[in-house]
Amino acid sequence: MKKVLVALLVLAMLTTIALSGCSGKADGSSGGDDKLQVGILIRDLANPYYVQIQEGAELFLNKVVGDGKYSLTVYESGGSDEKQINDAKAFIASVKNGNGLLYVDPNNAPNAAVIADLAEDAGIYWNTTWSYADGVYPFDYEYYVLHETADNEVGAYETAKVMFDSFETPGKGKIVAVQGMLSNDASIDREKGWRKALEEYPDVELLDIQPSDWDAKEGLKLIQTWLSKYGEDIDGVLVCNDGVAVAVAEGLRAEGLNGKIKVTGFDGTDDILPLIESGDVLATFGSNAYIQAGYGLAYDYAALNGEIDLDKMPPEERMINTKGVIISTDTLAEYRKEFVENKPDYDYDDLEFPVSSYIDIDNLH
Amino acid sequence: MSDANVGTIAHNDIIAEEFQTHIRNLDRRNRMMQVAPIIVLVVIFIIFAIGAPGFISVKNFFNLLNQMSIPLIVATGITFVVLIGSIDLSVDGVMGLSGAMAGLLVLNDKTPFNLGFFGVIIAVLIAGLCGFVTGLISVKGKIPSFMVSFAMSSITYGFAMLSYGALPPIINDTSVRAIALTKIGNLPIFFYIAVVLFVVALIVQDKTATGKHIYAIGENESLAKISGVNVDKVKIAVFALAGLFVGVGGICGAAQLGRGDVSVGTGMVFPALAAVVVGGTSLAGGKGGVQRTLIGVLIITILNNGLVLIGANAYFKDGIVGIILIIAVVTTISRNSKMVAK
């Protein structure tokens, strides 16, 4: 009897792993051969930003491809480069006759190089978001359609300026900064934006800057330690993303310093909006995951259907900065109306719409 | 006396000498296991006291106590699992599930539940149940605990994500938030929770029959069984106890972030196990204890804190913790005993 019980428990465990573990199908389809297979490779759905990415993909797929005509699978790497590569292989193996699209947010930039070769060999149209690999650019590949990124540098620069201008003496204060991952393009470019703003505000002093690995708990530990070192000398905390910014704001609340020490985030996720409303967070940059996911796949889909000829597309048009918006108390109501109370309804045929600017392809890494 | 008798006596002397040498080596190893972590702690404390600006300050003292609280709760629970020679890798998922459940059961922005403290108790019991199931499957199914607990981490992580539909609940229950936000003597309530749980664990370890059975099982499971110890029962109870501790850690983490977020547990298993092992509890089981885990937690917390204060690269910090962990394992395992986690 005991053996039967144990066997049942093990079986239940393995079944649950299969159901709840590492990836999830969004439309409940069995993924028949005729359906368009769509794969999304992200870090993890514990981050609200990636929840919006999934929603953005579904908005596009339901509108353009049609409900029930696609099979969407979201793969979570959990921060593991190796797992992301294996997920890419698993997805590519599931695609029949090239009838698939792959959206990749590389865990680390070099992953994009490996996936570029895998997708090229399999003939699957795909795109990257945020990070691209050194020397691996869409215009050198047949199936690597697009690299897109919210303009990290501009967004970080703008949020930093909002913060510096908000100081008791505008343009004068001391700050600390929380990076994401050191080797991640988004993190690197956001830091560039902060430093550009710092150059323009010589009376703002950067006391310390450390990476959090995009982990809220690490961000919390950093602010706790900095508070013990610098105390209330800190006027502001520039934070790499909203998930970490929320933790930093909670760390400040525990010390009764919320609202007194200014915090900015990046991404514009739903859970930071109440904190902007309450004044615990000053501002964030809405990188608009709906645009990123929806239009990333729209480009791939257009290439798959022959609506765009990648050979004839100017190279610079295949590396774009996407539109974003500063969210602060001034713009919060408008942002909520467009992105929270309603989901954006984009014209995915207009591939120019998401473009904020083109990445300078003469100065790529 | 014949030559044969002389030869036998000489041979016996050699065996006795070898035995004494072996005992001396074991004693030396045991002393080293006890002393080495304290030396490491003192050395890093002195290094940071000299080199890290702001390390020696009242503010940072309280900050260190604050930062060590949740890791101490988790690592204390895991210590018992390591003492029986097993391992628990389910920390990340179970802690996340506990935090998520608490977030959903108390006053929050996603569900109508408002169970208050009762919701917190349910969340901790769920974590305890996870530990119980891990122990049950591992012990009764004779499956290595690392495998079962790793699977349990994945299952609980998945359940936690499914439970709140990706966007974590914001905790609006002020009594739960008070665990992190209300301070007594400059320290949050979860620090005192950590102290109470540590003392309880110390009492269980040193003053109860279960504590003695835990050591006996870790030292030699077969011998413990022959001596009449209900090995299976004790082992399953240890996993359940660890689950409860991890669950409390999850509640404190959720109270701190203000969210029932599964990420409160993400990445916690490594520092928790590192603290246990660096403190001097043997991965082979039977040696060590929660008092050593306290030293381990202090080492890891001071390292994290000091390296941030001197502005060292965060990846340097991970590297140092990894090196200390390897040294601790190398110096504390007995290479003659079986090292496969039971």
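Proteins come first, then strands; the chains are lettered A, B, ... in the order of their sequence lines, and each starts at number 1. From a predicted model like this one, the values you see are computed outputs, not experimental measurements.
If you measure heavy-atom distances from B:Thr182 to chain A, you find no contacts under 4.5 Å at all. Using a 4.5 Å cut-off between heavy atoms, B:Asp261 contacts chain A through its side chain alone, with no backbone atom that close. Heavy atoms of B:Val262 lying under 4.5 Å from chain A belong exclusively to its side chain.
Contact of the A:Trp226 side chain with the B:Val308 side chain is registered, since non-hydrogen atoms from C-beta on lie closer than 4.5 Å. Using a 4.5 Å heavy-atom cutoff, the side chains of A:Gln224 and B:Phe62 are not in contact. You'll find the side chain of B:Met161 reaches within 4.5 Å of the side chain of A:Leu45, heavy atoms only.
We find the CG-CG distance between B:Asn66 and A:Leu220 to be 8.0 Å, quoted to the nearest 0.5 Å.
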Apply salt bridge (charged side-chain N to carboxylate O under 4.0 Å, His left out) to the pair B:Lys183 and A:Glu255, showing each step before the final yes or no.
CA-CA 9 Å; B:Lys183 293 195 171 179; A:Glu255 299 298 322; 2.6 Å; yes
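Shown here are the salt bridge (Lys or Arg N to Asp or Glu O under 4.0 Å) partners of A:Arg253, two or more places apart in sequence or in another chain: A:Glu250, A:Asp280.
Chain A is approached within less than 4.5 Å, heavy atom to heavy atom, by B:Asn304, B:Asn305 from residues 296-306 of chain B, ordered by number.
Each of B:Asn63, B:Asn60, B:Leu309 was evaluated against A:Lys229; a single residue qualifies, B:Leu309, per the side chain to side chain contact (heavy atoms under 4.5 Å, CB included) test.
In this structure, A:Phe339 places its CZ atom where more than 12 heavy-atom neighbours from other residues, nucleotides or ligands lie under 6.0 Å away.
Your options are B:Lys59, B:Gln67, B:Met268, and the one with the most heavy-atom pairs under 4.5 Å with chain A is B:Gln67.
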